[in-house]
Amino acid sequence: MNTRRTKTLAVHCFATAAALADPAHGPSSPTSIFNPVSTPAQSVYGLSLFVLAITAGVFVLVFGLLAYAVIKFRERVRDDKSEPPQVYGSTQVETAWTVIPVLIVLVLLLATVRVIANVQEAAKPSDAIEVTVIGHQFWWEYRYPGFDVVTANELHVPVSDPAHPTPTFLTLLSADTDHSFWVPRLAGKTDLIPNHPNSMWIDPHETGVYLGQCAQYCGVQHAMMLLRVYVQTRADFDRWMEQQRRFAVDSEAVSQGKVVFETSPCLVCHRVSGIAGDGQFGPDLTHLMSRDTIASGAALNTPENLRKWIQDPSSIKRGALMPAFQLSDPQIDELTAYLETFR
């Protein structure tokens with residue numbers, strides 16, 4: 001990769017991170033496993049500390065013996081340069097350095113299997129929220145089967161009260177290639193594999209916005225396949241769900257934008273519930289402007305960024321697969337105004 005491209009990519013990534021962390025658009029969280037807010041993530045955190053403690057002990061022991069040998073047997077001025085006694089074979093030493101590592105690996109294996117089993121075998125309560133997550137190149141689709149709601153890139157779930165747990169169970173599917181769903185503060189990584197459904201669950205104990213992304217290389221835009229999980233109070237979640245269940249408003253004030261939308265390639269990839277289109281390749285646009293971000297979380301969802309995304313997707317997301325439309329500036333303005341009504 002040449003220097004110019006490297007610098008451009010670095011600037012773009014820093015700008016994206018700054019935008020996502022903008023407090024004006026809700027609190028964000030670092031992608032750290034060391035600050036868990038969900039039971040599966042707490043299990044991963046505890047296991048990580050256990051593994052870290054054991055490996056740190058091994059490091060201290062090995063480095064200590066190495067430092068002792070270097071200092072104790074260093075060359076001295078009065079050395080006679082004679083060869084020290086040679087020892088060939090030691091049953092005790094060889095047994096120790098074979099058995100001890102095997103025991104360490106066995107302990108780590110049993111601890112890991114125990115955590116995996118406890119997380120995977122958790123019972124699903126009758127009132128659990130169910131979401132189907134579908135990974136696409138390069139965006140996330142979320143379907144709420146019990147509510148007949150479809151959205152993209154920004155997952156909304158209710159907070160789980162430890163006294164009355166309300167976990168969210170996710171069914172993970174892939175529309176094309178391997179992906180991996182990872183929100184470090186909520187759970188460990190789980191892969192989305194074509195023709196092989198997987199599942200996971202989360203029970204966030206704190207409201208907020210939690211960041212994650214695809215953790216399995218899935219193509220040229222893998223690094224920008226971001227995701228956001230909005231953990232809301234039950235009342236806020238119910239209000240959001242009620243809004244998402246409504247059809248998009250077909251306003252006469254932006255009728256020219258609707259004409260542009262219906263006669264451009266938009267409908268090949270997208271759909272708008274209650275209005276037009278049945279595309280499956282791109283995100284559902286029914287409530288586009290209710291989302292904080294566009295382009296899989298790469299940019300804030302503002303009229304300016306939306307216009308740029310329509311005019312030239314690569315100006316928002318380098319290497320975007322979505323083709324730039326051959327539209328005039330007035331048509332782009334009309335289409336942008338039309339899409340802004342989808343709230």
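Heads up: numbering here begins at 1 and tracks the sequence.
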Taking the side chain as C-beta and beyond, is there a heavy-atom pair between [X] and [Y] under 4.5 Å?
X: Val133; Y: Trp140; result: yes
X: Leu173; Y: Leu192; result: no
X: Asp191; Y: Asp178; result: no
X: Val115; Y: Ser43; result: yes
X: Thr39; Y: Trp201; result: yes
X: Cys218; Y: His179; result: yes
X: His287; Y: Arg343; result: no
X: Leu170; Y: Ser199; result: no

Rounded distance [0.5 Å steps], [atom1] in [X] versus [atom2] in [Y]:
X: Leu211; Y: Arg228; atom1: CG; atom2: CZ; value: 6.0 Å
X: Arg114; Y: Phe50; atom1: CZ; atom2: CZ; value: 10.0 Å
X: Asn153; Y: Leu227; atom1: CG; atom2: CG; value: 8.0 Å
X: His136; Y: Cys269; atom1: NE2; atom2: SG; value: 11.5 Å
X: Ser180; Y: Met225; atom1: OG; atom2: CE; value: 10.0 Å
X: Leu226; Y: Ser296; atom1: CG; atom2: OG; value: 7.0 Å

Where [X] and [Y] come nearest, the two heavy atoms and their spacing:
X: Ile202; Y: Ala187; value: CG2-CB, 3.9 Å
X: Gly282; Y: His270; value: C-ND1, 3.7 Å
X: Val220; Y: Phe138; value: N-CZ, 3.8 Å
X: Ser290; Y: Gln244; value: OG-NE2, 3.2 Å
X: Leu306; Y: Leu288; value: CD1-CD2, 4.1 Å
X: Ser160; Y: Pro167; value: OG-N, 4.1 Å

In terms of relative ring orientation, are [X] and [Y] parallel, tilted or perpendicular, with 30° and 60° separating the classes?
X: Tyr144; Y: Phe147; result: perpendicular
X: Tyr338; Y: Phe342; result: perpendicular
X: His156; Y: Tyr230; result: parallel

Cation-pi check for Phe169 against Lys124: NZ or CZ below 6.0 Å from the six-membered ring centre and within 45 degrees of the axis, yes or no?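 The answer is yes, since Lys124 meets both limits relative to Phe169.
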Audit row: Thr190, Asn198, side chain to side chain donor-acceptor pair (under 3.5 Å) steps and yes/no: CA-CA 8 Å; Thr190 305; Asn198 273 338; over 6 Å; no
Do the side chain of [X] and the main chain of [Y] share a donor and acceptor less than 3.5 angstrom apart?
X: Arg185; Y: Asn35; result: yes
X: Glu340; Y: Pro303; result: no
X: Asn301; Y: Arg291; result: yes
X: Asp79; Y: Arg76; result: yes
X: Asp176; Y: Gln137; result: yes
X: His222; Y: Gln216; result: yes
X: Thr302; Y: Asn305; result: yes
X: Gln331; Y: Ser328; result: yes

Honestly curious: do [X] and [Y] fall in one hydrophobic cluster under the side-chain, below-4.5 Å linking rule?
X: Val229; Y: Trp139; result: no
X: Leu155; Y: Ile134; result: no
X: Val44; Y: Val183; result: no
X: Leu47; Y: Val58; result: yes
X: Ile33; Y: Leu186; result: no

Is Asp238 salt-bridged to Arg234, cutoff N-O under 4.0 Å?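 Looking at Arg234 together with Asp238, the answer is yes, because their closest N to O distance falls below 4.0 Å.
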Could Asp333 and Arg307 be called an ion pair, given the rule that one side-chain N must be under 4.0 Å from one carboxylate O?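 Salt bridge flag = yes for Arg307 with Asp333.
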Thr207-Gln232 side chain donor-acceptor pair, cut-off 3.5 Å: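 Side chains of Thr207 and Gln232: no pair found under 3.5 Å.
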Kindly indicate, with the supporting measurements, whether the criterion side chain to side chain contact (heavy atoms under 4.5 Å, CB included) is fulfilled by Tyr142 and Thr132. CA-CA 6 Å; Tyr142 304 117; Thr132 299; over 6 Å; no
Stepwise side chain to side chain donor-acceptor pair (under 3.5 Å) check, Thr171 with Glu130: CA-CA 8 Å; Thr171 299; Glu130 295 190 43; 5.5 Å; no
